[in-house]
> 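There's a structure below that I have some questions on.
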Amino acid sequence: MEAVKVKIVNKSENPLPAYATPGSAGLDLRAWLPDGSVTLRPLERRLIPTGLSIELPEGYEAQIRPRSGLALKHGISIVNAPGTIDSDYRGDIGVILINLGDKDFEICSGDRICQMVVTRYSTVSFVAAEKLAESERESGGFGHTGKK
């Protein structure tokens with residue numbers, strides 16, 4: 001497996017992002033809250049800073065994804081999941097969390113709030129056409145194959 005080198009600036013007191021297990025695809029990111037904590041009320045969303053900035057190689061992106069445990073246990077998710085960090089972005093990585101649960105949720109500085117997956121991507125060049133090749137599916141979508 002290829003290890004991609006990514007420069008990182010960490011303004012927080014938190015450890016650098018790390019994989020939880022050898023088979024993990026996502027790196028855990030932590031909240032950086034100099035005032036200590038914030039509370040998300042039900043249906044409230046807030047930009048949570050991480051204190052991290054990265055320099056991705058050209059041709060790579062980072063996706064910010066919810067943590068499954070926070071989603072299942074507390075209804076905490078990411079509004080724009082997955083969020084995309086482009087290779088030319090150098091600012092602080094902020095995470096737009098939302099509380100979809102029915103109770104207040106406290107986020108403390110240092111809490112793991114999301115996962116970041118770094119991956120290669122391709123760009124496309126569109127070619128104008130009058131017609132597309134036929135397929136078995138054609139325009140069927142939005143559940144046209146049924147539930148079972």
> To the nearest 0.5 Å, how far apart are CD in E58 and OG1 in T123?
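E58 CD to T123 OG1: 9.0 Å, rounded to 0.5 Å.
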
> Work out which heavy atom in Y121 is nearest to a heavy atom in Y60; give both atom names and the distance.
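Heavy-atom minimum between the residues: CE2-O, 3.2 Å.
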
> Can you name the closest pair of heavy atoms from D104 and P42 and give their distance?
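For D104 and P42, the tightest heavy-atom pair comes out as OD1-CD, 3.3 Å.
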
> Please tell me whether V117 and L27 are part of a single hydrophobic cluster in this structure, the criterion being side-chain heavy atoms less than 4.5 Å apart.
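V117 and L27: separate clusters.
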
> Look at the side chain of D111 and the backbone N and O of A31, then say whether any donor-acceptor pair between them is shorter than 3.5 Å.
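No, the answer is negative, given that no donor and acceptor are paired below the 3.5 Å cut-off.
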
> Under a 4.5 Å cut-off applied to non-hydrogen side-chain atoms, are L16 and I8 in contact?
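L16 vs I8: side chains touch.
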
> Taking C-beta and beyond as the side chain, do L29 and I93 meet within less than 4.5 Å on heavy atoms?
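Yes. Closest side-chain heavy atoms under 4.5 Å.
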
> Is there a donor-acceptor contact under 3.5 Å from the side chain of D86 to the main chain of D88?
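Here the side-chain-to-backbone pair does not exist.
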
> How long is the straight-line distance from CZ of R90 back to NZ of K7, given to the nearest 0.5 Å?
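Answer rounded to 0.5 Å: 9.0 Å.
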
> Is it possible for you to say whether L56 and V95 belong to one hydrophobic cluster, with membership spreading through side-chain heavy-atom contacts below 4.5 Å?
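Linked, L56 and V95 end up in one cluster.
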
> R46: which residues meet the side-chain hydrogen bond (donor to acceptor under 3.5 Å, both in side chains) condition with it, sequence neighbours left out?
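E44.
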
> If we only count heavy atoms from C-beta on, is the F105 to R41 side-chain gap below 4.5 Å?
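Answer no - side chains too far apart.
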
> Taking all non-hydrogen atoms of both residues into account, name the closest pair between R30 and P15 and its distance.
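Taking every non-hydrogen atom into account, NE-CG, 3.8 Å.
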
> Can you hop from V79 to Y89 via hydrophobic side chains spaced under 4.5 Å?
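V79 and Y89: separate clusters.
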
> For N14 and G110, work out which heavy atoms get closest and say how close.
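Of all heavy-atom pairs spanning N14 and G110, the closest is OD1-CA, 3.3 Å.
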
> For a side-chain contact (heavy atoms from CB on, under 4.5 Å) check, start with the C-alpha distance between E13 and S109, then their side-chain angles and the critical distance, and finish with the verdict.
CA-CA 9 Å; E13 68 284 350; S109 197; 3.3 Å; yes

> Any luck finding a side-chain donor-acceptor pair between S37 and E106 under 3.5 Å?
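Per modelled atom types, S37 and E106 side chains form a pair under 3.5 Å.
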
> Evaluate the criterion side-chain contact (heavy atoms from CB on, under 4.5 Å) for residue pair I85 and E61; output intermediate values, then yes/no.
CA-CA 6 Å; I85 301 170; E61 68 158 332; over 6 Å; no

> Grouping I, L, V, M, F, W and Y whenever their side-chain heavy atoms are under 4.5 Å apart, do I107 and I96 come out in a common cluster?
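I107 and I96: separate clusters.
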
> Any side-chain heavy atom of I78 sitting closer than 4.5 Å to one from C114?
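The answer is yes; the side chains approach within 4.5 Å.
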
> Could you grab the distance from atom OG1 of T50 to atom CD1 of I64, nearest 0.5 Å is fine?
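The OG1 atom of T50 sits 7.5 Å away from the CD1 atom of I64.
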
> Decide yes or no for P66 and Q115: does some side-chain heavy atom of the first lie under 4.5 Å from some side-chain heavy atom of the second?
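No; the side chains remain at least 4.5 Å from each other.
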
> Linking I/L/V/M/F/W/Y whenever any side-chain heavy atoms sit under 4.5 Å apart, do L100 and I48 land together?
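Not linked; separate clusters.
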
> Is the closest side-chain heavy-atom distance between L33 and C108 below 4.5 Å?
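A side-chain contact under 4.5 Å is absent here.
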
> Quick one: does D28's side chain get under 4.5 Å of P17's, heavy atoms only?
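Result no, sub-4.5 Å side-chain heavy-atom pair not found.
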
> Just wondering, are more than 12 heavy atoms of other shown residues or ligands nearer than 6.0 Å to CG in L132?
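Incorrect, the count does not exceed 12.
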
> Donor-acceptor pair, R45 side chain versus I98 backbone, under 3.5 Å?
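The answer is no, because no donor-acceptor pair under 3.5 Å joins these two groups.
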
> Are any of the side-chain heavy atoms of M116 and I54 separated by less than 4.5 Å?
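SC-SC contact between M116 and I54 confirmed.
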
> Any donor-acceptor pair under 3.5 Å linking the side chain of N99 with the backbone of L40?
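Judged by distance alone, yes, a pair lies under 3.5 Å.
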
